[in-house]
Amino acid sequence: MNYRHAYHAGNFADVLKHTVQFALIEAMKAKPTPFCFVDTHAGSGCYALDSAEAGKTGEYKDGIVRLLFPDLHQSAKSAPSGPLPPPLRHWLDSVLALPGNKDGLRLYPGSPLQAANALRDIDTAQLCELHPEEATRLRELFHHDRRVHVHERNGYEALKGLLPPKEKRGLVLIDPPYEAQEAEYRSIEQALKAALLRWPTGVYAVWYPIKLRSQVQPFLRWTQHSGVRRVLRAELLVRPDDSPLRLNGSGVVILNAPWKLDDVLREPLRAMSRLLSQERPATWRLDWLAEDTGEAPLPRKPTRR
């Protein structure tokens with residue numbers, strides 16, 4: 001595996017993924033009983049934005065930095081951006097609260113560190129990372145935290161032993177690097193199919209890149225017919241989805257999505273599309289691919305801008 005997230009930490013795709021993750025964990029914490037967070041592709045956990053890797057791409061400058069200084073990236077004709085929606089503001093504050101960011105944004109916490117910082121004392125995390133160097137850094141990062149357990153193994157295979165968790169409640173984040181490209185979706189489908197058989201009530205969030213729409217569409221159709229009765233899609237496109245040569249956008253599809261999660265994410269997505277636009281205005285999509293209403297489903301248009 002050659003992918004290293006250090007080159008991409010804090011980019012526009014991370015802003016979307018981690019805002020959704022933050023909202024999901026907050027929804028989990030709404031109940032007093034403990035839950036488990038599982039990350040199948042955890043990475044090293046934290047990334048220095050002044051590193052050579054981050055400096056080489058500078059992707060974070062078109063991601064999280066734009067939320068810190070929104071008015072610097074708007075035209076003179078644009079109205080002032082105003083305050084960030086509360087869920088987005090609370091997520092950004094959690095990133096800035098990292099000890100290394102006391103004097104400014106220097107570190108970007110990955111999914112496992114953001115999750116661990118949001119968990120309560122009664123909650124736990126199971127983190128999977130296959131790359132030895134990344135897994136070693138992950139262990140060092142959490143060696144003091146008894147809530148967190150690191151597994152140096154294939155995340156898809158690990159789900160067979162980790163699910164269902166002892167807490168019987170939880171969130172599984174599946175965010176592979178997609179080095180296998182379209183074949184990765186088949187691996188995700190197989191892993192989800194097995195996981196849902198073992199733990200049908202778990203919440204599963206799958207992050208995916210968008211280059212060509214045709215590459216991701218079969219997987220999204222699979223989620224519609226997976227048997228899960230509540231499937232929510234959130235997407236952000238900074239460029240048209242018509243080129244296989246670059247990352248044009250990304251999305252997160254949530255199986256067994258918590259009640260009213262769409263209401264929580266709508267304004268953050270609207271703000272992201274305004275603040276993270278690049279060559280042309282960004283667009284966003286938030287819609288139910290499957291929704292359990294207790295009645296026969298009716299056609300409905302997605303929220304899209």
Point to revise | Residue list, side-chain hydrogen bond (donor to acceptor under 3.5 Å, both in side chains) with Arg280, at least two apart or on another chain | key: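 For Arg280, no residue satisfies side-chain hydrogen bond (donor to acceptor under 3.5 Å, both in side chains) once neighbours in sequence are set aside.
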
Electrostatic pair [X]-[Y], nearest N-O below 4.0 angstrom:
| X | Y | value |
| --- | --- | --- |
| Asp292 | Arg230 | no |
| Lys17 | Asp175 | yes |
| Lys211 | Glu182 | no |
| Glu53 | Lys56 | no |

Considering only distance and modelled atom types, tabulate donor-acceptor pairs under 3.5 Å from the side chains of residues 189-196, sequence neighbours left out.
{"unit_1": "Glu189", "atom_1": "OE1", "unit_2": "Arg186", "atom_2": "NE", "d": "3.2"}
{"unit_1": "Glu189", "atom_1": "OE2", "unit_2": "Arg186", "atom_2": "NE", "d": "3.4"}
{"unit_1": "Glu189", "atom_1": "OE2", "unit_2": "Arg186", "atom_2": "NH2", "d": "2.9"}

Check your understanding: In terms of heavy-atom contacts, does CG of Asp242 have more than 12 from other residues, nucleotides or ligands at under 6.0 Å?
Key ->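 Counting other residues, nucleotides and ligands, CG of Asp242 exceeds 12 neighbours.
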
Check your understanding: Are the ring centres of His8 and Tyr108 closer than 6.0 Å?
Key -> no

Ignoring hydrogens and angles, write down the donor-acceptor pairs under 3.5 Å from the side chains of residues 85-97, residues two or more places apart or on other chains.
{"unit_1": "Arg89", "atom_1": "NE", "unit_2": "Asp93", "atom_2": "OD1", "d": "3.1"}
{"unit_1": "Arg89", "atom_1": "NH2", "unit_2": "Asp93", "atom_2": "OD1", "d": "2.9"}
{"unit_1": "His90", "atom_1": "ND1", "unit_2": "Pro86", "atom_2": "O", "d": "3.3"}
{"unit_1": "Trp91", "atom_1": "NE1", "unit_2": "Gln114", "atom_2": "OE1", "d": "2.7"}
{"unit_1": "Ser94", "atom_1": "OG", "unit_2": "Trp91", "atom_2": "O", "d": "2.5"}

Review point. Side-chain donor-acceptor pair under 3.5 Å between Thr124 and His149, yes or no?
Key: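 No, no side-chain donor-acceptor pair sits under 3.5 Å.
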
Exercise for review: Using the test side-chain contact (heavy atoms from CB on, under 4.5 Å), find all partners of Gln181 that sit at least two apart in sequence or belong to another chain.
Suggested key: none

Practice item. Not counting sequence neighbours, which residues clear side-chain contact (heavy atoms from CB on, under 4.5 Å) with Cys128? List them please. Key: His151, Ala158, Leu162

Check your understanding: When the ring planes of Phe219 and Tyr208 are compared, do they come out parallel, tilted or perpendicular, using 30° and 60° as the limits?
Key ->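 If you compare the ring of Phe219 with that of Tyr208, the planes turn out perpendicular.
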
Practice item. Look at the aromatic rings of Tyr185 and Tyr178 and report parallel, tilted or perpendicular, splitting at 30° and 60°. Key: tilted

Can you give each donor-acceptor pair under 3.5 Å made by side-chain atoms of residues 28-38, sequence neighbours left out, with the distance rounded to 0.1 Å?
{"unit_1": "Lys29", "atom_1": "NZ", "unit_2": "Glu26", "atom_2": "OE2", "d": "3.1"}
{"unit_1": "Lys29", "atom_1": "NZ", "unit_2": "Ala118", "atom_2": "O", "d": "2.8"}
{"unit_1": "Thr33", "atom_1": "OG1", "unit_2": "Arg169", "atom_2": "NH1", "d": "3.3"}

Check your understanding: Can you find a heavy atom in the side chain of Leu98 that is under 4.5 Å from one in the side chain of Leu113?
Key ->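 Leu98 vs Leu113: side chains touch.
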
